[in-house]
Amino acid sequence: MSAAPVERPNEGRPRTLLELAIDCMDRMPGYRVEIIGGQLVVSPPPDVAHARALTKLMLPFFAAGLDEGETNVLQGVGLWLPDAGNPQFAVPDLAVVDADVEEHLVQLNCYEPVCFRLVLEVTSTNWLSDLHTKVAAYADADIPVYVVVDRRHQRLHVLTEPADDEYTNHRVYAPGEIVILPDTIGAKVTLDVEQILKAGRPDAG
């Protein structure tokens with residue numbers, strides 16, 4: 001009597017992006033894994049200048065009291081993206097979220113968009129994704145404020161008023177300007193563009 005062949009869950013069909021993403025997470029700890037715009041995106045750990053800019057950025061949010069009470073300021077928290085057919089998610093560098101964020105867990109440490117007041121990205125080698133693909137993804141998720149620190153072009157972008165897959169208000173700021181973020185995030189926050197961009201330059205240490 002011969003033994004019946006063992007059936008594997010994936011046998012006979014291609015693996016889904018979600019299965020591939022989970023596999024990448026298991027095999028590549030420390031890498032950021034995302035599914036955005038129907039593509040699997042795997043990013044290496046950030047460089048020192050990226051981390052330094054992110055630290056500099058967090059200080060005004062803390063000073064405004066956004067990391068206590070009704071909101072939290074968090075790094076690397078997953079955002080589950082709405083998609084009718086396939087699961088998608090992003091991991092923004094920084095986010096201002098409602099304090100009850102843990103009640104909105106979906107899966108893979110990703111949370112519903114409804115509890116995100118602001119997401120922020122500091123560009124690395126994948127700057128095109130931050131300035132294009134993620135704009136559509138975050139707008140479609142109805143994230144009220146999206147901020148991009150564009151280290152490649154030395155600019156800071158503030159996008160507001162999401163409508164479908166775009167933001168109807170997109171302002172670009174240069175070094176020397178001061179950005180005042182919308183009060184809808186929960187407090188008045190001002191960002192010094194020159195200070196942030198300088199922190200993000202590799203030679204600024």
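Predicted model, so just to flag it, every value in this text is computed and none were measured. Values below: every heavy atom of this structure, side chains too, minus hydrogens, waters and symmetry copies. Numbers here simply count residues along the sequence, with the first being 1.
- Ring geometry for Phe89 against Trp80 counts as parallel: the plane angle stays under 30°, on a 0 to 90° scale with 60° as the upper cut.
- Residues Glu121 and Arg32 are paired through a salt bridge, judged by an N-O separation under 4.0 Å between the basic side chain and the carboxylate.
- The 12-atom threshold is exceeded at CD of Gln107, counting heavy atoms of other residues, nucleotides or ligands nearer than 6.0 Å.
- Comment: Asp47 engages Arg151 in a salt bridge, judged by a side-chain N to carboxylate O separation of less than 4.0 angstrom.
- Legend: side chain to side chain donor-acceptor pair (under 3.5 Å) pairs involving residues 109-120, not counting sequence neighbours, sorted by first then second residue: Asp98-Arg117, His104-Glu112.
- The heavy-atom pair separating Cys115 from Val101 by the smallest distance is SG-CG2, 3.6 Å.
- Both Leu118 and Ile196 are members of a single hydrophobic cluster when ILVMFWY side chains are connected at heavy-atom separations under 4.5 Å.
- The line from NZ of Lys56 to CG of Leu191 is 12.5 Å long, rounded to the nearest 0.5 Å.
- Checked by atom type and distance alone, the side chain of Asp93 pairs as donor or acceptor with a backbone atom of Val122 at under 3.5 Å.
- Annotation: Gln39, atom CD; neighbour count of heavy atoms from other residues, nucleotides and ligands within 6.0 Å does not exceed 12.
- Between Tyr167 and Pro144 the shortest heavy-atom distance is CE2-O, 4.1 Å.
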(message) Under the criterion side chain to side chain contact (heavy atoms under 4.5 Å, CB included), I'd like the reasoning laid out for Leu120 against Val148: C-alpha separation, chi angles, the key distance, then a yes or no.
(response) CA-CA 6 Å; Leu120 184 149; Val148 184; over 6 Å; no
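- Nearest approach of Pro175 to Arg155, heavy atoms of both residues: CD-NH1, 3.8 Å.
- When hydrophobic clusters are built by joining Ile, Leu, Val, Met, Phe, Trp and Tyr residues whose side-chain heavy atoms come closer than 4.5 Å, directly or via intermediates, Val193 is grouped together with Val158.
- You'll find the side chain of Asn72 stays beyond 4.5 Å of the side chain of Val96, heavy atoms only.
- Looking at Gln195, its side chain never comes within 3.5 Å of a backbone N or O of Asp192 through a donor-acceptor pair.
- Closest of all the heavy-atom pairs between Ile143 and Pro113 is CD1-O, 3.9 Å.
- Under a hydrophobic clustering in which Ile, Leu, Val, Met, Phe, Trp and Tyr are joined whenever their side-chain heavy atoms come within less than 4.5 Å, directly or via other members, Leu59 and Ile185 fall into different clusters.
- To the nearest 0.5 Å, atoms CG (Leu156) and CD (Glu194) are separated by 12.0 Å.
- Proximity of a side-chain donor or acceptor of His50 to a complementary backbone N or O of Ser124 within less than 3.5 Å is not detected.
- In this structure the side chain of His153 reaches within 4.5 angstrom of the side chain of Trp127, judged on heavy atoms.
- Cluster annotation: Tyr146 is not connected to Val179 through the hydrophobic network of ILVMFWY side chains, with a link wherever side-chain heavy atoms come within less than 4.5 Å.
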(request) Test Asp150 against Leu131 for side chain to side chain contact (heavy atoms under 4.5 Å, CB included), laying out the working first. (result) CA-CA 8 Å; Asp150 182 2; Leu131 291 172; 3.6 Å; yes
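- Leu81 and Ala90 get closest at one heavy-atom pair: CD1-N, 4.0 Å.
- Side chain of Thr160 to backbone of Val145: no donor-acceptor contact under 3.5 angstrom is found.
- The neighbour count for Glu161 CD, taken as heavy atoms of other residues, nucleotides or ligands under 6.0 Å away, is above 12.
- With hydrogens and angles disregarded, a donor-acceptor distance shorter than 3.5 Å links the side chain of Gln88 to the backbone of Gly38.
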(request) Begin with the C-alpha distance, continue with both residues' side-chain angles, and end with the deciding distance and a verdict on side chain to side chain contact (heavy atoms under 4.5 Å, CB included) for Leu181 and Val147. (result) CA-CA 9 Å; Leu181 296 177; Val147 177; 4.0 Å; yes
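- Cluster annotation: Phe116 is not connected to Phe61 through the hydrophobic network of ILVMFWY side chains, with a link wherever side-chain heavy atoms come within less than 4.5 Å.
- Closest approach of Thr71 to Leu66, counting heavy atoms only: OG1-O, 2.6 Å.
- No more than 12 heavy atoms of other residues, nucleotides or ligands shown are found within 6.0 angstrom of CG on Asp164.
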(request) Test Leu94 against Val119 for side chain to side chain contact (heavy atoms under 4.5 Å, CB included), laying out the working first. (result) CA-CA 6 Å; Leu94 188 70; Val119 295; over 6 Å; no
